[in-house]
Chemist: 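Below is the structure I would like to discuss, written out as structure tokens.
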Amino acid sequence: MIRDALADSVLTTLRTLEIDPLPDSVHLERPANREHGDWSTNVALATAKKAGWNPRELAGRIAEMLNADLPAHVTGVEIAGPGFVNFRLHDTWLHEVLAEVVTAGTTDYARPHIGDGETVQIEFVSANPTGPLHVGNGWWCAYGDALARVMTRSGYAVSREYYVNDTGGQIRKLGDSVLARRRGEDVPEGGYPGDYVADVARRYDGPEDATDAGRFAADLILVDIRETLESLGIVFDEWFSQASIEESEAVESTFQQLRASGLVFERDGATWLRTADHGDPREERVIKKSAAEGGDYTYLAGDIAYHRNKLEIRGFDHAINIWGADHHGQVASLRAGVAALGIDPARLEIRLGQMMSLASGRMGKRLGNAVDLSELIADIGADATRFLSLTTSIDQSATVDLDQVRSATMENPVFYVQYAHARICSINKKAADLGVERAPIDEVDLSLLTHERELDLLRTLFELPDVVTAACVDRAPHKVTVWVRELAGRFHGFYHDCYVMGDDVPPELTQARLWLAEASRVGLVVGLDLLGVSAPEEM
RNA sequence: GCCCUCGUAGCUCAGGGGAUAGAGCAACCGCCUCCUAAGCGGUAGGUCGCAGGUUCGAAUCCUGCCGAGGGCACCA
């Protein structure tokens, strides 16, 4: 790859100059300003001081030596600013990129080998089955799925999991609401007033028992949640029942294992875990309630047991939890609990998604203005819904204007990107109609691609492997969204200025441009697929 | 009080050590005898919350302050 080749040649030069100490690596980047060349390195700035050189002088020597023996594709090396070494390249480096992209194709281009088969479980959504998913608690579901896609492409063996909170107080409350509705009464204080509860009540013919009614309701609601997620193309490998943990020996055996850590003690009739040693600012947490409080294990105890199940019993190498920021308070305690079990807490990664808000104000089930996720999907479609939530970082508390989103559906950026794909398909269709076939890539003169639009497109395509790598390592699939918009923009520019077929387009150029369109298609298909957004052939 | 995230164009957000800070929307002006105008080009719009510090270089890293959101249960 060009970057490695340039870095190698710079490093060789530094060796020849007997620079000591040599830098660990030579950083090459593409300058934002075109006047600064095609590639640039700050290596002189970074190493000069320690090696006892003046940065500009060192940069000058590097440029001088490289100019005396130019690396492949390089037409000239210059110094600029305080000591940058800038490379000017012949367009052939980009033509090589084109060949790489179409040769690798959608299955192999931009497939970084990072995971190396490591198993990763990503747990996300995990909303309580006490009501349909609303826009707020469904906001980061596309994030979890896109992250799973990005990590899969990067070589991890990924499993998607939904932790179903199908036991405990919330379920009893839900059951109480159902029973009240069945009796024709209002739901009790703190219950669930939604219409879906009434629907459930009409179908429930079981005993007058809150837990029984609650589970019945949760099962039905879960079906609805699953359908909503599937309509977004999100399919979980596992729907893991909290009850299955709490009603088994899992909590008890986890409890015993915690005791063995020596961090467990009794106080005020309750059993506590000392979590301070593993970094919890709360220092100690109750894991088993006192008799006066019922004597049950706490949620934390169950959660530690659940994560023991993930990391020890099922043995995933790595577990990633995607939680809403409102669960921030649980992070340190859970990590401490996992560590107390003797499990390396580095294997558990918890990403907090900041709360989203609506331009119209706060949303909440109890405020009665919760907008169902399924409603939004019905309004603007699955692709737009996913794309929308994947444009921002999860660290950003996004503000969504639902009215604008609905009215501006046709101007949604997702269509801009999909339209680029449709245009490529349209070109291919026209080529087929005209009986134009693409010649094998190695028989096509790619050096005919010299238009700035063409070269910009190739520069962007070059970036995809780096983008996927960054999206994976930083757990930031929105980087793919940013990139795919950029690529679509480049393609629209090319489409507008560079006709692939036409009376004044020579057949050789048509061939080269057909391959460029194909490379663009590869980029769009890969990018959109990572986001879980469809790539339609026509719009 | 302590912890986490954020403060970038009128709005919604990218950029998260490099050289002149970007996009979309909104506003204004142009562009189809030709592969879908759901497109392309242009104009206008910024003290990157404030103040210090580190660095050859800071929107980016560190500290403090201000502002917004979230969190600090024998609830889940």
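Every chain is numbered from 1, with letters handed out A, B, ... down the list of sequences. Because only heavy atoms are used, hydrogens play no part in the values below, and waters and symmetry mates are left out as well, while side chains stay in.
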Chemist: Would you kindly give the NE2-to-C1' distance between H478(A) and rU5(B), to the nearest whole Å?
Modeler: 14 Å
Chemist: Are the aromatic ring centres of Y416(A) and H492(A) under 6.0 angstrom apart?
Modeler: yes
Chemist: Regarding R351(A), tell me which of base, sugar-phosphate or nothing describes its non-hydrogen contacts under 4.0 Å with the strands shown.
Modeler: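 Here R351(A) touches no strand at all.
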Chemist: Where does RNA chain B pair, written as one dot-bracket string 5' to 3', with Watson-Crick or G-U pairs under 3.5 Å, ( ) inside the strand, [ ] for crossing pairs and | for another strand?
Modeler: (((((((..((((....[...)))).(((((.......))))).....(((((..]....))))))))))))....
Chemist: Taking the six-membered ring for Trp, are the ring centroids of F240(A) and Y162(A) within less than 6.0 Å of each other?
Modeler: no
Chemist: Assess whether a salt bridge exists between E538(A) and K429(A), defined as any Lys/Arg side-chain N lying under 4.0 Å from an Asp/Glu carboxylate O.
Modeler: no
Chemist: So, OP1 or OP2 of rA37(B): does either fall under 4.0 Å of a side-chain N or O from H492(A)?
Modeler: no
Chemist: Do R88(A) and D38(A) meet the salt-bridge criterion of a basic N to acidic O distance under 4.0 Å?
Modeler: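 Not counted as a salt bridge, because no side-chain N and carboxylate O are separated by less than 4.0 Å.
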Chemist: Which nucleotide wins on minimum distance to the side chain of K49(A), given the candidates rA19(B), rC40(B), rU55(B)?
Modeler: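 Nearest nucleotide to the side chain: rU55(B).
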Chemist: Given salt bridge (Lys or Arg N to Asp or Glu O under 4.0 Å), test E284(A) with R282(A) step by step and report yes or no.
Modeler: CA-CA 6 Å; E284(A) 26 193 59; R282(A) 274 153 79 184; over 6 Å; no
Chemist: Return a single string for nucleotides 71-76 of chain B, one symbol per nucleotide in 5' to 3' order, where B is base contact, S is sugar-phosphate-only contact and - is none, cutoff 4.0 angstrom on heavy atoms.
Modeler: SSSBSB
Chemist: Can you see if the side chain of R423(A) gets near the phosphate of rC40(B) - specifically, an N or O under 4.0 Å from OP1 or OP2?
Modeler: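 It does not, given that no N or O in the side chain of R423(A) lies less than 4.0 Å from OP1 or OP2 of rC40(B).
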Chemist: For R3(A), is there an ion pair with D466(A) - N to carboxylate O distance below 4.0 angstrom?
Modeler: yes
Chemist: Assess whether a salt bridge exists between D166(A) and R215(A), defined as any Lys/Arg side-chain N lying under 4.0 Å from an Asp/Glu carboxylate O.
Modeler: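 Judged by the 4.0 Å cut-off on N to carboxylate O distance, D166(A) and R215(A) do not form a salt bridge.
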Chemist: Any salt bridge between R459(A) and D456(A), counting N to O under 4.0 Å?
Modeler: yes
Chemist: Indicate yes or no: does R490(A) engage E486(A) in a salt bridge with an N to O separation below 4.0 Å.
Modeler: yes
Chemist: Taking the basic N atoms (NZ, or NE/NH1/NH2) and the acidic carboxylate oxygens, is any pair closer than 4.0 Å for E252(A) and R308(A)?
Modeler: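 So E252(A) does not pair with R308(A) through a salt bridge.
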Chemist: Between C1' on rG24(B) and CG on L390(A), what's the gap in Å once rounded to a whole number?
Modeler: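 From L390(A) CG to rG24(B) C1': 16 Å.
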Chemist: Do the charged groups of K310(A) and E161(A) touch, with an N to O distance under 4.0 Å?
Modeler: no
Chemist: By a strict heavy-atom criterion of less than 4.0 Å, which residues belonging to residues 392-405 of chain A are in contact with RNA chain B?
Modeler: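 T392(A), S393(A), D395(A), Q396(A), S397(A), A398(A), T399(A), Q404(A) - these, ordered by number, are the residues of the stretch whose heavy atoms sit under 4.0 Å from the strand.
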